[in-house]
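Written below as structure tokens is the structure these notes are about.
Chain identifiers are assigned alphabetically (A, B, ...) following the order of the sequence lines, protein sequences preceding nucleic acid strands; residue numbering begins at 1 within each chain. Hydrogens, waters and symmetry mates play no part in the numbers below; they use all other heavy atoms, side chains included.
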Amino acid sequence: MVCLSEFCARDVAVVAEALIGATLTLDGVGGRIVETEAYAADDAASHSFNGRTMRNAAMFGPAGHAYVYRIYGLHLCLNITCGNGSAVLIRAIEPVTSIDAMRRRRGLEKVELLCAGPGRLCQALGVTAAHNGLSLDAPPFALVVSGALEPVVAGPRIGIRRAAETPWRFCLAGSRFLSRPAPRA
DNA sequence: ACTACGATGAACT
DNA sequence: GTTCATCGTAGTA
């Protein structure tokens, strides 16, 4: 496999789909990515749509880095940058490693819910605002993309008002770890 | 300075 | 299905 920055520096919808099945960890805590969304630069739903600002600066930095932002004043969301103002939101992970650490942060909870949602997975992995801009190809992060061709279903993105029909949410077909039911194929 | 509003999650009915 | 906590950011003045 080519290096991560090359993998990410492609069409953001292609990257979002290709990231399904990849393994993401932070300090060894993490698992398999099962749900993503693509946000392009020329995309009315994207934070980068109105140009570079203090908050979205990481989206305009190198591909393969973290873009972390706060939403609704309380939750954090983690994205993987794809260059030129585009990024992939990580919406759900299937917990694999250090599930005990996730439970310490999230409380005793069904494993299906530990990383089922962008805010939940940030809490479970221990993502903080200090991780904004860091490479996902170096500690404390590790991101290993899957060589296998995963069965993916696409549908509309969650929780946006503009460009609401664009089918840029990608889910691992049949996964029990999604933030919401997968769109019907 | 002021204001409106989120790429959400949890706790309700 | 509904409500609401909670605040940084960005747009406006």
Side-chain angles (χ1 to χ4, degrees), chain A residues 8 11-20 22 24 26 31 33-61 63-95 102-133 136 152-172 175-183:
Chain A
C8 293
D11 178 87
V12 66
V14 171
V15 177
E17 180 164 4
L19 281 170
I20 299 297
L24 172 67
L26 171 54
I33 296 173
V34 296
E35 182 179 346
T36 62
E37 284 177 2
Y39 288 90
D42 62 342
D43 170 1
S46 173
H47 288 168
S48 57
F49 184 63
N50 288 310
R52 179 176 179 149
T53 66
M54 195 73 72
R55 174 176 66 158
N56 66 24
M59 290 184 80
F60 293 88
H65 287 234
Y67 166 43
V68 180
Y69 67 91
R70 186 174 296 280
I71 186 69
Y72 296 109
L74 54 164
H75 306 295
L76 292 171
C77 295
L78 172 66
N79 299 248
I80 299 175
T81 63
C82 296
N84 300 305
S86 65
V88 174
L89 172 67
I90 309 303
R91 285 196 57 90
I93 288 175
E94 176 179 336
M102 297 184 193
R103 286 197 191 285
R104 278 197 296 279
R105 296 179 178 128
R106 295 250 342 130
L108 300 176
E109 184 174 52
K110 291 200 300 185
V111 65
E112 285 87 351
L113 292 177
L114 285 173
C115 299
R120 286 168 170 162
L121 78 86
C122 282
Q123 192 185 357
L125 300 208
V127 173
T128 70
H131 294 109
N132 187 40
L136 289 163
V152 174
V153 291
R157 294 174 289 184
I158 306 292
I160 55 171
R161 297 161 71 88
R162 298 184 296 182
E165 305 82 27
T166 307
W168 277 358
R169 173 182 179 230
F170 302 96
C171 300
L172 178 65
S175 173
R176 298 154 31 229
F177 301 91
L178 303 175
S179 67
R180 296 179 180 217

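- Cys122(A) is not listed as a side-chain neighbour of His75(A), based on a closest heavy-atom distance of 4.5 Å or more.
- Side-chain N/O atoms of Arg55(A) include none lying less than 4.0 angstrom from OP1 or OP2 on dG8(C).
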Between Glu37(A) and Arg157(A), is the salt bridge (charged side-chain N to carboxylate O under 4.0 Å, His left out) condition met? List the steps. CA-CA 7 Å; Glu37(A) 284 177 2; Arg157(A) 294 174 289 184; 5.4 Å; no

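- Rounded to the nearest 0.5 Å, atoms CH2 (Trp168(A)) and CD (Glu17(A)) are 12.5 Å apart.
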When Watson-Crick pairs (N1 to N3 and N6-O4 or O6-N4) and G-U wobble pairs (N1-O2 and O6-N3) count only below 3.5 Å on both distances, what is the dot-bracket string of DNA chain C, with | for other-strand pairs? |||||.||||||.

Go through it in stages, so that I can follow the logic: the residues are Glu35(A) and Arg169(A), the test is salt bridge (charged side-chain N to carboxylate O under 4.0 Å, His left out), and I'd like the CA-CA distance, side-chain angles, deciding distance and then a yes or no. CA-CA 7 Å; Glu35(A) 182 179 346; Arg169(A) 173 182 179 230; 2.8 Å; yes

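- A distance-only check finds a donor-acceptor pair linking the side chain of Ser175(A) to the backbone of Phe177(A) [under 3.5 Å].
- Straight-line distance from the NE2 atom of His75(A) to the C1' atom of dC4(C): 11 Å, rounded to whole Å.
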Please report the C-alpha distance between Tyr69(A) and His47(A) in whole Å, then the side-chain angles of each, then the deciding distance to 0.1 Å, and finally whether the ring-ring contact (aromatic ring centres under 6.0 Å, His included) criterion is met. CA-CA 10 Å; Tyr69(A) 67 91; His47(A) 288 168; 4.6 Å; yes

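- Side-chain contact check for Ser179(A) versus Arg120(A): every heavy-atom pair is 4.5 Å or farther apart.
- Between the side chains of Arg106(A) and Gln123(A), a donor-acceptor pair is found at a separation under 3.5 Å.
- The residue Arg106(A) sits close only to the backbone: its heavy atoms come under 4.0 Å of sugar-phosphate atoms, none of a base.
- DNA chain C lies under 4.0 Å from no heavy atom of any residue of residues 111-125 of chain A.
- Within the 3.5 Å criterion, the main-chain N or O of Ala44(A) finds a donor-acceptor partner in the side chain of Arg162(A).
- At distances below 3.5 Å, at least one donor-acceptor pair connects side-chain atoms of Thr81(A) with backbone N or O atoms of His65(A).
- Ile71(A) comes within 4.0 angstrom of sugar-phosphate atoms only, judged by non-hydrogen atoms across all strands, and of no base.
- Separating the CG atom of Leu74(A) from the P atom of dG8(C) is a distance of 11 Å, rounded to the nearest angstrom.
- A 4.0 Å heavy-atom criterion places the boundary nucleotides of DNA chain B facing chain A at dG6(B) to dA10(B), written 5' to 3'.
- Residues Leu121(A) and Ile90(A) form a side-chain contact, since some pair of their non-hydrogen atoms from C-beta on lies under 4.5 Å apart.
- When the P atom of dG11(C) is taken as reference, atom CE of Met54(A) falls 13 Å away, rounded to whole Å.
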